[in-house]
Amino acid sequence: RRKIAAATHHHNNHKTTHQQSQQQVSAMQNRYFAVRHGESEANVAHVIMSDPATGRTAGALTEKGVAEAEKSAHALLVRLGEFDAAAVIIVSSDFLRAKQTAEIFHKVLSCHTAVVEDTRLRERNFGELEGSDTFSYENVWALDRKDPEHTRFGVESVLSVVQRTRSLLEDLEARFRNSNIVLVSHGDTLQILESWMSGRPPAEHRKLIPLKTGCLRDLHDTPVVTTSRSTPPSAVQTGALSLARRLLQLFTKSLQVPGQYHLVTIGISHYCEKVRWVLDLSGQPYSEDIHPPGMHLFATLKATQGSASMTPVLVLPDGRAMWESSDIVLHLIKQHPAQLGSLVPAGLEKSVSGWLLYFDQMLGPHGRKFAYFYILQNRELSLEIMSRFTTKIERFLMPYMFDRIRSAMTRALDITPPAFDHSLHECDEVMKRVSQVLSDGRPYICGNHFTAADLAFAALAYPLVIPDAFHTFMPDISAFPPAMRETVNRFRSTAAGRHVIKVYEQHRGTTAITPHVGDRDVVPLGVHVAKACVIAAAVASVAFFVYRRASR
């Protein structure tokens with residue numbers, strides 16, 4: 001009874017807190033952006049530095065940390081435009097690494113007002129763990145999940161961080177109206193605040209996508225992470241996944257060639273299209289393994305040795321793997337300047353980098369949600385699109401696994417009507433921003449030259465416009481639901497939409513994209529053998545279920 005009562009009390013408290021936080025956030029008059037300080041000397045040394053006595057004077061930014069801050073600052077400049085950026089209010093922790101990051105933002109944005117320092121944005125105090133290895137964070141976070149009020153090891157509690165950061169927001173709301181406010185702070189402090197603002201339990205702040213050093217994030221647009229299952233997978237489901245993995249290992253092969261680039265993708269992914277496009281422009285030989293969503297996990301985890309599950313993954317000629325699309329693009333440009341150097345012209349490096357980050361953060365996730373919201377509603381359309389250029393065994397397994405894959409994608413990407421409405425609004429904002437930039441008559445986003453900014457925009461906006469060249473992976477617009485066709489035609493009619501079509505026609509080609517794929521099926525009889533295996537597994541599962549029921 002005590003356990004049930006405690007659980008009920010915790011649930012009711014969270015429900016009340018969630019409602020209160022949502023009411024307060026929706027009533028806010030300002031827009032808040034979180035910026036984690038750039039990489040510092042303490043980050044490189046892997047030591048905890050949370051005591052104000054040392055943090056205010058030590059732990060300066062590294063050269064990489066300065067570059068990270070500049071990149072995020074230019075991304076915000078791109079998003080807001082020069083006029084609104086100059087009016088930004090910057091509030092910073094008084095720790096040295098945060099102050100240096102704030103000054104970089106202040107310089108890039110040409111802000112009218114000076115940076116405001118506030119102790120309520122300080123690093124979470126880790127008490128007795130000061131100076132210890134950063135692995136100690138894991139012990140604290142495990143305790144956070146159990147009790148947001150704990151102060152084990154003399155650590156500042158989660159609720160204490162919530163109270164001080166909420167107090168800061170209340171003061172800012174009382175002082176400013178309709179302003180863009182940048183909060184420069186630290187990892188735990190910002191993620192705990194972000195959890196509260198998004199209506200999640202602050203004790204679960206590590207369930208959010210971690211804020212990397214130098215990262216910029218809109219606190220009103222918290223990225224969703226995969227939530228836990230409402231029920232654990234059954235023995236049959238676990239067995240089915242294990243069987244799928246075994247079948248893929250048995251009946252498929254990779255096209256990877258030693259000494260060449262090798263790309264692991266989901267065919268329809270716009271992030272993958274961005275990297276594929278740059279590889280095509282480079283003229284370098286490469287191979288591509290295309291997988292359906294969900295089944296790509298087996299390949300990406302293998303290629304990255306368990307470090308990443310996302311696509312695209314590019315295996316370099318020396319065997320190393322990269323998996324952030326913009327990082328891959330910039331790496332390829334650096335490695336092949338003769339073919340790709342024009343994508344980042346001299347003098348435009350920071351502007352192009354800012355646009356890349358802006359499109360990655362705003363257009364990428366919201367454009368993806370826009371497309372999947374409509375596609376996943378139609379089983380046959382989904383199977384047709386997701387199975388293109390995949391192996392026979394994957395095409396065979398997809399109908400059996402589709403419901404589980406759709407459920408996982410819906411949960412992980414938050415593909416719900418309210419989230420879709422929000423994503424559609426954000427897509428509209430991006431298209432308006434690009435249209436505004438092009439309104440002065442310039443032929444390209446950064447001026448007179450085609451750059452990586454145009455390439456990234458066109459690739460990431462393809463789900464909104466569906467240019468003809470992408471019919472390799474997507475059917476004609478007539479195959480989509482009427483509501484999606486209407487929205488796509490609306491986007492096509494904008495200056496930004498016309499720019500996407502122009503860029504595809506002039507720099508991607510008027511013919512369909514030809515993926516660098518080949519025959520990855522090991523044996524012609526693979527599908528038939530797979531069918532036998534699936535049937536045998538199903539029979540065995542049913543027999544086992546009947547046996548267990550009879551044994552009770």
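The figures that follow rest on heavy atoms only: side chains count, while hydrogens, waters and symmetry mates do not. Predicted, not measured: the structure shown is a model, and the values here were computed from it.
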Check your understanding: What's the spacing between C272 SG and M310 CE if we round to 0.5 Å?
Key -> 11.0 Å
Point to revise | side chain to side chain donor-acceptor pair (under 3.5 Å) involving R406 - partner list, sequence neighbours excluded | key: D403
Review point. For T494, which residues count as a side-chain contact (heavy atoms from CB on, under 4.5 Å) partner, sequence neighbours excluded?
Key: M431, S435, A496
Revision key, fill the gap. Distance col, row L340:CG vs L281:CG, nearest 0.5 angstrom, shows 6.5 Å
**Study point:** Contact summary for P475 and E384, nearest pair of heavy atoms
**Key:** CB-OE2, 4.1 Å
Practice item. Classify the ring geometry between Y32 and H220 as parallel (under 30°), tilted (30 to 60°) or perpendicular (over 60°). Key: parallel
**Study point:** Shortest non-hydrogen separation from R276 to T265 and the atoms involved
**Key:** NH2-OG1, 4.0 Å
Exercise for review: Using the test ring-ring contact (aromatic ring centres under 6.0 Å, His included), find all partners of H422 that sit at least two apart in sequence or belong to another chain.
Suggested key: H366
Check your understanding: Between F491 and F370, how do the two ring planes meet: parallel, tilted or perpendicular, split at 30° and 60°?
Key -> perpendicular
Exercise for review: Please name the pair of heavy atoms, one in H262 and one in S287, separated by the smallest distance, quoted to 0.1 Å.
Suggested key: ND1-OG, 2.7 Å
Point to revise | Residue pairs passing the side-chain hydrogen bond (donor to acceptor under 3.5 Å, both in side chains) test where at least one lies in residues 297-319, sequence neighbours excluded | key: D318-R320
Point to revise | Parallel, tilted or perpendicular: ring planes of F396 versus Y400, cut at 30 and 60 degrees | key: tilted
Exercise for review: Can you label the angle between the Y444 ring and the F450 ring as parallel, tilted or perpendicular, going by 30° and 60°?
Suggested key: perpendicular
**Study point:** Test salt bridge (charged side-chain N to carboxylate O under 4.0 Å, His left out) applied to K334 - qualifying residues, sequence neighbours left out
**Key:** none
Review point. So, K212 and E324, do they make that salt bridge, N to O below 4.0 Å?
Key: yes
Exercise for review: Mind checking side chain to side chain donor-acceptor pair (under 3.5 Å) for E39 and listing every partner two or more places apart, or none if nothing turns up?
Suggested key: T62
Exercise for review: Hey, could you give me each pair passing salt bridge (Lys or Arg N to Asp or Glu O under 4.0 Å) that has a residue in residues 479-491? Not counting sequence neighbours.
Suggested key: D428-R490
Study note, to complete from the structure: Looking only at heavy atoms, the pair that brings V352 and A452 closest together is CG1-CB, 3.9 Å
Please list, one pair per line, the donor and acceptor atoms closer than 3.5 Å that link side chains of residues 454-464 to other protein atoms, with sequence neighbours excluded.
from, atom 1, to, atom 2, distance (Å)
D454, OD1, I445, N, 2.9
D454, OD1, H499, NE2, 2.8
D454, OD2, T451, N, 3.0
D454, OD2, T451, OG1, 3.4
Y462, OH, I268, O, 2.2

Exercise for review: Can you sort out the partners of R433 under salt bridge (charged side-chain N to carboxylate O under 4.0 Å, His left out), two or more places apart, ordered by chain and number?
Suggested key: none
Practice item. Kindly compute the distance separating CD (E349) from CD1 (I333), expressed to the nearest 0.5 Å. Key: 10.5 Å
**Study point:** Set of residues satisfying salt bridge (charged side-chain N to carboxylate O under 4.0 Å, His left out) with respect to R492, sequence neighbours excluded
**Key:** none
Study note, to complete from the structure: Quick note, ring-ring contact (aromatic ring centres under 6.0 Å, His included) partners involving residues 304-342, not counting sequence neighbours, are Y261-H336
Point to revise | Partners passing salt bridge (charged side-chain N to carboxylate O under 4.0 Å, His left out) against R368 (at least two apart in sequence or in another chain) | key: none
